[in-house]
There are 2 protein chains.
Amino acid sequence: MAKTGERTRAVSGSALDGLPFALDRSSPVPLYYQLAQQLESAIEHGALAPGNLLGNEIDLSTRLGLSRPTVRQAIQSLVDKGLLVRRRGVGTQVVHSQVKRPLELSSLYDDLEAAGQGPTTHVLRNERVPAGPDVAAALGIAEGAEVTRLERLRSAHGEPVASLCNYLPPALFDLDTERLEATGLYHLMRATGITLHSARQTVGARAATAEEAGRLGEEEGAALLTMQRTAYDDTGRPVEYGTHIYRASRYAFDFQLLVRG
Amino acid sequence: MAKTGERTRAVSGSALDGLPFALDRSSPVPLYYQLAQQLESAIEHGALAPGNLLGNEIDLSTRLGLSRPTVRQAIQSLVDKGLLVRRRGVGTQVVHSQVKRPLELSSLYDDLEAAGQGPTTHVLRNERVPAGPDVAAALGIAEGAEVTRLERLRSAHGEPVASLCNYLPPALFDLDTERLEATGLYHLMRATGITLHSARQTVGARAATAEEAGRLGEEEGAALLTMQRTAYDDTGRPVEYGTHIYRASRYAFDFQLLVRG
DNA sequence: CAGTGGTCTAGACCACATC
DNA sequence: ATGTGGTCTAGACCACTGC
């Protein structure tokens, strides 16, 4: 698979001694990105251990045959990911973390699937309704405008886990019930060319009503996790509003926060 | 307050028509940062409305008397914050968002204070204890090593809101009980030179035990929000592990997630 | 003092979107 | 065909850290 412009350089000095870096100038993949990926995998594989210095950027760039800004761009992307720390007058070192995973916009379906829980979805409703005041406010549309309303029950191991109610703005296509039962909502949206960018969530708890308890297989009064979420695409337009309830005995939210600079 | 190098330029063209930009080259504040701040405030004040094009980077840089990379750095920082979107071949535009606030590493004390709820803290315990297995694992130290254990009850408007239990690694100073009652734990840590960087959280729910109900002023069996958190400094070392319970009737977590690139 | 990252410049060529 | 952002270069000077 080697392309024409490829070359490998063994970098010497500091903690990068002997590590091979293969930069392919004929690849459409940006050089800074190639370097960032190789540094990241070196860190994950332990070739670069926590606390190791990376060596100064000038040397690194001449040794790799790159300019300093390009090397900086690669390093910066890893700093943003929380894998490296820069200290002026000291150098760049690998972070001491046991933390590996950054956060994702948590998709319940993906979470369950990743945990090998064999998630299934039952679509209870898939219809068009006029937007109520809360939905209209969340989606930034007029009250009474038509939206798609989706009610789903999600199970794992045949046991109900969560009851999901979502509203989608009118511009969004009709959702195929069959495909909704086969995968998560976010997967479907991504496949339609929507790129999710951010979401605002409120997580709380309350006791189950008799109706909710029946639907989820809990006792009345059992603790439930509640979540309301509005998701936005990369232009900042709301693309989904949802109200979800989870059986607290079977699910908890797990996520990582980064302090913004 | 004008310093020597200051100058103001009115940028013309696109949506920046007539907006004054004051760049002070004698200031220690980086030029890209000055520009980013002024763009951000223009967006917040509505001078730049959602959907507005920013005009191309080359023109912008010559008009501002800056180089293109510097202008790009300013724009990039706002893209990272989710305020702008770049589209190749199109331009850079202001995001269509109703979303304003990025997330913070949520500090309960700060949250309550920002909401004008007049938070108060009562320190129940502040002592040294040997680390149990869960604490040792979270803080990355040996089981049985000495850690600081902190138990606090936090109230707002004179009503209890949360019961907080925290463990701090041995390297961390002794915490002054008096100051702990006057502010939040994170404020104290910041004042000691620790820069928080990230945190891993698990949020769940369960019914209150009789003891918890009594402490928080709830009925036994009432829904409680639970949170476990490990916080890390900028070198990736764990600096705090906590187990918190909140009255679900009085508190909910509110945060924003960004999809990582 | 020497070494590091932080900032900045003035160009260049390319890939992509739109008309 | 034109205009945009995306990438890259080869320098420069400064601020901070540590010895």
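What you see is a predicted model; the values in this text were computed from it and never measured. Chain naming here is simple, since letters A, B, ... match the order of the sequence lines and numbering starts at 1 in each.
Taking atom CG of residue Leu64(B) and atom P of nucleotide dT9(C), one finds them 11 Å apart after rounding to whole Å. One can place CG of Leu60(A) at 15 Å from C1' of dG3(C), the figure rounded to the nearest angstrom. The CD1-C1' distance, from Ile58(A) to dC13(D), rounds to 12 Å in whole Å. The interatomic distance linking Leu31(B) (CG) with dC13(D) (C1') rounds to 13 Å, in whole Å. Rounded to an integer number of Å, the gap from CZ of Arg68(B) to C1' of dA10(D) is 17 Å. dC8(D) atom C1' lies 13 Å from atom CD of Gln34(A), rounded to whole Å. Put simply, CZ on Arg72(B) is 18 Å from C1' on dG6(C), counting in whole angstrom units. One atom, CD of Gln76(A), and another, P of dG5(C), lie 12 Å apart when rounded to the nearest Å.
Considering only the side chain of Glu57(B), dG5(D) comes nearest among dC8(D), dT4(C), dG5(D). Closest to the Ser67(B) side chain, of the nucleotides dT9(D), dT17(D), dA10(C), is dA10(C). In this structure, of dC16(D), dT7(D), dT9(C), it is dC16(D) that holds the atom nearest to the side chain of Arg88(A).
Listed pair Thr92(A) / dT4(C) fails the phosphate criterion, with no side-chain N or O lying under 4.0 Å from OP1 or OP2. OP1 or OP2 of dC8(C) has not a single side-chain nitrogen or oxygen of Tyr32(B) nearer than 4.0 Å. The phosphate of dG3(D) (OP1 or OP2) has no side-chain N or O of Arg87(B) nearer than 4.0 angstrom.
Closest-nucleotide positions on DNA chain D for Asn56(B) and Val29(A) were compared, and the one nearer the 5' end corresponds to Asn56(B). Summary of the strand contacts: Gly91(B) and Gln73(A) both lie near DNA chain D, and taking for each the nucleotide with the nearest heavy atom, the more 5' one is attributed to Gly91(B). Annotation: of the two residues near DNA chain C, Pro69(B) and Asp59(A), the 5′-most nearest-nucleotide partner is Asp59(A).
Gly144(A) and Pro130(A) make their closest contact through O-CB, 3.5 Å (heavy atoms, listed as atom of the first residue, atom of the second, distance).
A salt bridge is absent between Arg68(B) and Asp59(B): the closest approach of a Lys/Arg side-chain nitrogen to an acidic carboxylate oxygen does not fall below 4.0 angstrom.
Ser61(B) places a side-chain N or O within 3.5 Å of a backbone atom of Glu57(B) that can act as its donor or acceptor partner.
Between Phe253(B) and Phe253(A), the distance from one ring center to the other does not fall under 6.0 angstrom.
In the model, Tyr186(B) has a side-chain atom that pairs as donor or acceptor with a side-chain atom of Glu240(B) under 3.5 Å.
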